[in-house]
There are 2 protein chains.
Amino acid sequence: MSVTLADVARATGLSASTVSRALSDPDKVNAKTRERIRKAAREMGYVPNPAARTLTSGSNDVIGLIVPDIANPFFPPIIKAVQARATVKGKTVLIADVDEHPADEIQRAQVMRKRVDGLIVVSPRTPEERLQELMALEPVVFVNRQVPTAASVIIDNADGMREAVEHLAALGHPKICYLNGPRRSWSNSQRQRAVQQACADQGVELVEFGPFEPQIQAGVRAADLVSASKITAVIAYDDMIALGLMARLNERGIRIGPDISVIGIDDSPMSGMAYPTLTSIHVPGSEAGAAAVDMVLELAAGSEAATTRHVQLETRLIVRGSTSPAPARAE
Amino acid sequence: MSVTLADVARATGLSASTVSRALSDPDKVNAKTRERIRKAAREMGYVPNPAARTLTSGSNDVIGLIVPDIANPFFPPIIKAVQARATVKGKTVLIADVDEHPADEIQRAQVMRKRVDGLIVVSPRTPEERLQELMALEPVVFVNRQVPTAASVIIDNADGMREAVEHLAALGHPKICYLNGPRRSWSNSQRQRAVQQACADQGVELVEFGPFEPQIQAGVRAADLVSASKITAVIAYDDMIALGLMARLNERGIRIGPDISVIGIDDSPMSGMAYPTLTSIHVPGSEAGAAAVDMVLELAAGSEAATTRHVQLETRLIVRGSTSPAPARAE
DNA sequence: CTACAATTTGCAATCGGTTGTTGCAATAGC
DNA sequence: GCTATTGCAACAACCGATTGCAAATTGTAG
């Protein structure tokens, strides 16, 4: 059906092995024949069959990417970065969306494994005790979750959180509320710890609600909890929750900014578009994606050094319209 | 490294061919041996090598999906639907995001072709004259673009558009504005035609701006054009543009609803979360995705009947907070 | 008990490449 | 001028599964 190596060999009067070498290991073939072969291959429209190549070489030139939810705007930038970086390296990307479902995460990973040279798992929801099953599928790189015995790209929320709390404290908010993300989420435990620390350091009172799923609806629910408790400043686990919160508060006539300040996390493209625009902690998703690709390829190439490497990226606060000075005390 | 067919054969004392048959063509093998083989395979953790299978059978069990921009919330539901449907059918999905870049569309499709059994191209931006190159990669199913000589799942915007114009007319808007999407977009030409038709039918005056890229920033730009021209009702090419428009109008103190009504298209998850919530034309992306999977698999299976089939889906208006009665005439 | 049919299993070729090894020829060295 | 060396290309085995065909086994009828 399509042009094979053998066809090119026949056309040039050479053997398949020579053609193969001319294309993939150029030094082993005479310069003149090499060019002749390449020209013929190009003209005939020869494209190597990846399946056949995989069979012998053992490598797929594909990397697998598992994300909890493509619809959450935090992930598309990561996905794009992974694709871009992978393309540069001559790899393609197999994406799986597991709809925030921990069990699917492992299963999809296992199914994928045979088709890819390595796996990148973003914000894994897999519980600690089953993490082994994921790691067994090596090479695996975790993004947004620290696993001491595995390679990972992690995002240190401490700086961003500290900036956020300082920002609110500076605006005169004596008490702030943190809306927790999913119970199992490593990110959430990290963010929670960071906000607790920062509040303690700044002498700001902290209350917490949640856990909430990283979805708009959860934010909507959170809104009524928040408004019932006379809080003037909220930091949400992520932008989704923050946006849902704002939507509901808007609806109830509570003014974001003047009445209540809101800070999201992720700095997703949506944050600039909300009303008012959302102050958010920027999380370098693109950088994380690109770094993860590099790591997983290193691992796939057999680098021992990378097996437990941890790349750490930093966060910072982006101030927009959703944070304002604390309203004057009502009484 | 991993368990192969030969390993299972050795363990059971049978030949590889028998093992192969026991697993894939059960009737050709004695019931007793079949069970013995299956048990052994399961215990040994045998998983067939997809590359080897592809080589002989010619089928990859993978379908390719090309979308213009994952970050546009219109696409994730489609992607999810495609993945879900594909999984049910025992296929995996290879996704490519082409960043709205027509040239990439063809290139990525070509690269993918050898790894997949069929291609689904959503909202193709490829110009008419190069469409051949895409169709050559058959089987290909187009979503959201009608191509007479190829299979496609198209979404008829006429109904939704008519409802939108009727809705605005009923609210007393004498003149509405349509913000065009990308020049090359088939969707846009269809929507444009539909809105022109609907306005003519309803006796509503129509002005048009654009083209605009389906991005928030474009909507922001559009806002100033719109506000400069005393328009009280806008229908945007998609929700992204509508949301950008609203963000900017909000910022400028123009009240969405009372001062100006806005209708988006796509009914993306964001529309319920904007402020105010965005009236939008619902486009059945999930249904389209699932239908496309079924079509492409039929084509891959060699069905002649499906080669130029066109599935047509309908749209309808979802009214939310961004549309209100026309403001009383200023003078 | 033989003969023949039906069922079950094994052999071997094949898919399209990759790669270690060998054969041959041209060049260098003495 | 003859052998040692190097360079180039061909041969053949192999990756892991599938599949047509032949062989072997079992069953059945005469």
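Hydrogens, waters and symmetry mates play no part in the numbers below; they use all other heavy atoms, side chains included. In what follows, every chain begins at residue 1, and chains take the letters A, B, ... in the order their sequences are listed. Since we're looking at a predicted model, the values are computed, not measured.
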*Say you draw a straight line from CG of A:Asn188 to OG of A:Ser123; how long is it, rounded to the nearest 0.5 Å?*
11.5 Å
*In Å, rounded to the nearest 0.5 Å, how long is the span from CG of A:Asp104 to OG1 of B:Thr87?*
8.5 Å
Tell me the interatomic distance from [X], atom [atom1], to [N], atom [atom2], rounded to whole angstroms.
X       : N      : atom1 : atom2 : answer
B:Leu55 : D:dC15 : CG    : C1'   : 9 Å
A:Glu35 : D:dA9  : CD    : P     : 12 Å
B:Leu23 : D:dA17 : CG    : P     : 10 Å
A:Asn60 : C:dT18 : CG    : P     : 14 Å
A:Asp7  : C:dG17 : CG    : C1'   : 13 Å

*Within residues 109-118 of chain B, find the residues that approach DNA chain D with a heavy atom at under 4.0 Å, and present them sorted by residue number.*
none
*OP1, OP2 of D:dT18 versus side-chain N and O of B:Ser20: anything below 4.0 Å?*
yes
*asked:* When you measure from the side-chain N and O atoms of B:Arg53 to the phosphate of D:dG16, is any distance below 4.0 Å, counting only OP1 and OP2?
replied: no
_Strictly by salt bridge (Lys or Arg N to Asp or Glu O under 4.0 Å), give each pair with a member in residues 41-57 of chain B just once, sequence neighbours left out._
B:Lys39-B:Glu43
*Of all pairs that satisfy salt bridge (Lys or Arg N to Asp or Glu O under 4.0 Å), the ones with a partner from residues 140-152 of chain B, not counting sequence neighbours*: B:Glu128-B:Arg145
*B:Arg184: partners by side chain to side chain donor-acceptor pair (under 3.5 Å), with sequence neighbours left out*: none
*For B:Arg130, check side chain to side chain donor-acceptor pair (under 3.5 Å) against everything at least two apart and list the hits.*
B:Glu133
_For A:Leu94 versus A:Met112, what's the shortest heavy-atom pair and its separation?_
O-CE, 3.1 Å
*Apply side chain to side chain contact (heavy atoms under 4.5 Å, CB included) to B:Ala301 and list each qualifying residue two or more places apart in sequence or on a separate chain.*
none
_Just to verify, what does B:Gln132 make a side chain to side chain contact (heavy atoms under 4.5 Å, CB included) with, not counting sequence neighbours?_
B:Met135
Review item, nucleotides 8-10 of chain C N/O atoms under 3.5 Å of protein N/O:
{"from": "C:dT9", "atom 1": "OP1", "to": "B:Thr33", "atom 2": "OG1", "distance (Å)": "2.9"}
{"from": "C:dT9", "atom 1": "OP2", "to": "B:Asn30", "atom 2": "N", "distance (Å)": "2.9"}
{"from": "C:dT9", "atom 1": "OP2", "to": "B:Thr33", "atom 2": "OG1", "distance (Å)": "3.3"}
{"from": "C:dG10", "atom 1": "OP2", "to": "B:Ser15", "atom 2": "N", "distance (Å)": "2.9"}
{"from": "C:dG10", "atom 1": "OP2", "to": "B:Ser15", "atom 2": "OG", "distance (Å)": "3.1"}
{"from": "C:dG10", "atom 1": "OP2", "to": "B:Thr18", "atom 2": "OG1", "distance (Å)": "2.6"}
{"from": "C:dG10", "atom 1": "N7", "to": "B:Arg21", "atom 2": "NH2", "distance (Å)": "3.4"}
{"from": "C:dG10", "atom 1": "O6", "to": "B:Arg21", "atom 2": "NH2", "distance (Å)": "2.5"}

*Can you pull the side-chain hydrogen bond (donor to acceptor under 3.5 Å, both in side chains) pairs that have at least one residue in residues 62-71 of chain B, sequence neighbours excluded?*
A:Lys80-B:Asp69
*To the nearest 10°, let me know how far the axis at one end of the helix from C:dC1-D:dG30 to C:dC30-D:dG1 is tilted from the axis at the other, five pairs an end.*
50°
*Around A:His101, counting heavy atoms of other residues, nucleotides and ligands shown, do more than 12 lie under 6.0 Å from its NE2?*
no
*Could you identify which residues of residues 40-50 of chain A place a heavy atom less than 4.0 Å from some atom of DNA chain C, listed by residue number, or say none?*
A:Tyr46, A:Val47, A:Pro48, A:Asn49
*What residues, two or more places apart in sequence or in another chain, satisfy salt bridge (charged side-chain N to carboxylate O under 4.0 Å, His left out) together with B:Glu213?*
none
